Visitor: 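Pasting a structure here, questions to come.
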Amino acid sequence: MNSLKKLRVISLYTQRFCALHSNVEKPKTGILMLNMGGPSSVDEVNLFLTRLFQDKDLIPLGPYQKYLGPLIAKGRTPEIQKKYSEIGGGSPIRMWTEKQGAAMVKKLDEISPESAPHKFYIGFRYVDPLVEDSIVQMEQDGVQNAIAFTQYPQYSCSTTGSNLNAVYRHYLSMCKSPQDDPLSVSKNLNWSVIDRWPTHPKLVRGFADSIRECLQKFPKEVRDEVVILFSAHSLPISVAFRGDTYPAEGGSYRLGCPQTDEAIEGLAKLGKKNMMIVPIAFVNDHIETLHELDIEYIEELGEKLNVTIKRSETLNDRPVFLEALAEIVKDHIDNGRKHSKQFTVRCPNCVNTTCAAMRKFFITS
């Protein structure tokens, strides 16, 4: 048995043990908080990268991806391990997601008693707890209504789409006879999906408050001159040309939009000495904020260019953001919708055959 399967088996045994020995009331509503995840320790980096580079939804590498992915991961592992060592030895994504989930369900039990009790589950793509294992746990817990809640406010096929495809593929893998289909084998859970929420008022307020607080860290005499840079993951131009909505909802694509370091260098050449970076696509700290932005750009590039760069705080456990999470779920439940209106529309030039099947699964679930 290879290491990936061993970890899956151990995780499942742990979950089953906890389910058998728990007297907690069965949750009426289970919220699966979806994210890519991040390695909790440097030892998990290779496993994380291997799964990441084998994800065809995120990084399509052609027919030999099954073999190329592990090779690329092996080559990148030492470099990425070093970066994680420099930010404390691992990603804080799971810690923040657990805090966010706990606060969310506590608030939901108060404001939405008709759908209580609520329980959150974490579904990561590349590290434990994996999406697939958390679904098994939800079924064992006796969840009635399951909500797939993406933790990416802006929808992209490469992030939210990949996570939702993982839910669909989990049920597809359970089909053992010609009569089976993902919808029939998922009958234990009544699924719906929160697939995007980039304009929720309290999400916007959280970002605005963080920006104002960061601005106060600059000397008063230069505050009016601070340039605010909104930084987000970029997509290959080929993905944007397929019609991915991410650029329209707050992201960017690699051609036509400068990388963050290029923007900083360009502004420095124009004589701008004070800048603020806002990680607009992230709701918790991880390696991109703590290393790429804080170390590579703010410390190293800022010193090289002799400019002052600061970063607005990520939302993490900001109270207004925790309220937003609970309200988003409550609104979703109260509206009775299975998904957003946009969810029914695929990218005009979509080439992913799983995408259509995944959408049909959630629409008809």
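These numbers come from a predicted model, not from an experiment.
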Visitor: Between R311 (side chain only) and I298 (backbone N and O only), is there a donor and an acceptor less than 3.5 Å apart?
Guide: no

Visitor: What residues, two or more places apart in sequence or in another chain, satisfy salt bridge (Lys or Arg N to Asp or Glu O under 4.0 Å) together with R205?
Guide: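 Only D209 meet the salt bridge (Lys or Arg N to Asp or Glu O under 4.0 Å) criterion with R205.
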
Visitor: Of all residues at least two apart in sequence or in a different chain, which pass the ring-ring contact (aromatic ring centres under 6.0 Å, His included) check with F48?
Guide: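 ring-ring contact (aromatic ring centres under 6.0 Å, His included) list for F48, sorted by chain: Y126.
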
Visitor: Treat each ILVMFWY residue as a node, draw an edge where side-chain heavy atoms are under 4.5 Å apart, and state whether I87 and L293 are in one component.
Guide: no

Visitor: Do E296 and K83 sit within salt-bridge range, that is, some charged N less than 4.0 Å from a carboxylate O?
Guide: yes

Visitor: Please determine whether a side-chain nitrogen of the Lys or Arg among K341 and D195 lies less than 4.0 Å from a carboxylate oxygen of the Asp or Glu.
Guide: no

Visitor: Looking only at heavy atoms, what is the nearest atom pair of V283 and P153, with distance?
Guide: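 The pair with the smallest heavy-atom distance is CG1-CG, 3.8 Å.
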
Visitor: Ignoring hydrogens, what is the shortest heavy-atom contact between E44 and V127? Give both atom names and the distance.
Guide: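 Minimum heavy-atom contact is OE1-CG1, 4.3 Å.
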
Visitor: Among all residues two or more places apart in sequence or in another chain, which pass the salt bridge (Lys or Arg N to Asp or Glu O under 4.0 Å) test with E327?
Guide: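 Testing E327 for salt bridge (Lys or Arg N to Asp or Glu O under 4.0 Å), a comparison that skips the adjacent residues, returns K202.
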
Visitor: Applying ring-ring contact (aromatic ring centres under 6.0 Å, His included), can you list everything that pairs with H339, at least two apart in sequence or on another chain?
Guide: F343

Visitor: Is there a donor-acceptor pair closer than 3.5 Å between any side-chain N or O of S134 and the backbone N or O of V131?
Guide: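 No, the answer is negative, given that no donor and acceptor are paired below the 3.5 Å cut-off.
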
Visitor: Looking only at heavy atoms, which two atoms of L322 and N316 are closest? And how far apart?
Guide: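 Distance-wise, the nearest heavy atoms are CD2-O, 4.1 Å.
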
Visitor: How far apart are the closest heavy atoms of F149 and M104, and which atoms are they?
Guide: CE2-SD, 3.9 Å

Visitor: Verify whether one side chain among T314 and N284 offers a donor that lies under 3.5 Å from an acceptor in the other.
Guide: no

Visitor: Any salt bridge between D57 and R169, counting N to O under 4.0 Å?
Guide: yes

Visitor: For K217, which residues count as a salt bridge (Lys or Arg N to Asp or Glu O under 4.0 Å) partner, sequence neighbours excluded?
Guide: E313

Visitor: Taking only residues two or more places apart in sequence or in another chain, which ones pass ring-ring contact (aromatic ring centres under 6.0 Å, His included) with F120?
Guide: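 ring-ring contact (aromatic ring centres under 6.0 Å, His included) list for F120, sorted by chain: empty.
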
Visitor: Do side-chain atoms of S112 reach the backbone of L108 as a donor and acceptor pair under 3.5 angstrom?
Guide: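 No, because the side chain of S112 does not come within donor-acceptor range (under 3.5 Å) of the backbone of L108.
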
Visitor: To the closest 0.5 Å, what do you measure between CD1 (I211) and NZ (K310)?
Guide: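 Reported to 0.5 Å precision, the distance equals 15.5 Å.
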
Visitor: Measure the spacing between CD of Q151 and CH2 of W96 and express it to the nearest 0.5 Å.
Guide: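 Between atom CD of Q151 and atom CH2 of W96 there are 14.5 Å.
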
Visitor: Rounded to the nearest 0.5 Å, what separation is found between the CD1 atom of I264 and the NZ atom of K272?
Guide: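 If I round to the nearest 0.5 Å, the distance is 15.0 Å.
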
Visitor: Going from CD1 on I277 to OG1 on T260, what distance comes out if it is rounded to the nearest 0.5 angstrom?
Guide: 6.5 Å

Visitor: I'd like to check the salt bridge (Lys or Arg N to Asp or Glu O under 4.0 Å) partners of K82; sequence neighbours left out, ordered by chain and number.
Guide: E86

Visitor: Tell me the salt bridge (Lys or Arg N to Asp or Glu O under 4.0 Å) pairs involving residues 97-106, sequence neighbours left out?
Guide: R94-E98

Visitor: Not counting sequence neighbours, which residues clear ring-ring contact (aromatic ring centres under 6.0 Å, His included) with Y84? List them please.
Guide: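 Once residues adjacent in sequence are excluded, Y84 has no partner under the ring-ring contact (aromatic ring centres under 6.0 Å, His included) criterion.
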
Visitor: For residues C350 and R346, report the shortest heavy-atom separation together with the two atoms involved.
Guide: SG-NH2, 3.1 Å

Visitor: Which heavy atom of F362 sits nearest to which heavy atom of A148, and what is that distance?
Guide: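 Where F362 meets A148 most closely, the heavy atoms are CE2-CB, 4.2 Å.
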
Visitor: Could you tell me which residues satisfy side chain to side chain contact (heavy atoms under 4.5 Å, CB included) with S192, sequence neighbours excluded, listed by chain and number?
Guide: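 With neighbours one apart ignored, the set is I147, H332, K338.
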
Visitor: Can you list every ring pair (Phe, Tyr, Trp, His ring centres under 6.0 Å) pair that touches residues 263-315, not counting sequence neighbours?
Guide: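 Residue pairs with at least one partner in residues 263-315: H233-F282, F282-H286.
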
Visitor: When rounded to the nearest 0.5 angstrom, what is the spacing between CG in L52 and CD in Q54?
Guide: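 It comes to 10.0 Å.
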
Visitor: Quick one: does S184's side chain have a donor or acceptor within less than 3.5 Å of a partner on D180's backbone?
Guide: no

Visitor: Only pairs under 3.5 Å count here: list side-chain donor-acceptor contacts from residues 27-35, not counting sequence neighbours, and write none if there are none.
Guide:
residue : atom : partner : partner atom : Å
K28     : NZ   : E114    : O            : 2.8
T29     : OG1  : S115    : O            : 2.7
N35     : OD1  : Y152    : OH           : 2.8

Visitor: Using distance alone, with no hydrogens and no angle criterion, decide if N165 and T354 have a side-chain donor and acceptor under 3.5 Å apart.
Guide: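 No, because no side-chain N or O of N165 sits under 3.5 Å from a partner of the opposite role on T354.
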
Visitor: Is K330 salt-bridged to E110, cutoff N-O under 4.0 Å?
Guide: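 No, this pair does not count.
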
Visitor: Hey, is K26 close enough to D141 for a salt bridge, meaning N to O under 4.0 Å?
Guide: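 So K26 does not pair with D141 through a salt bridge.
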
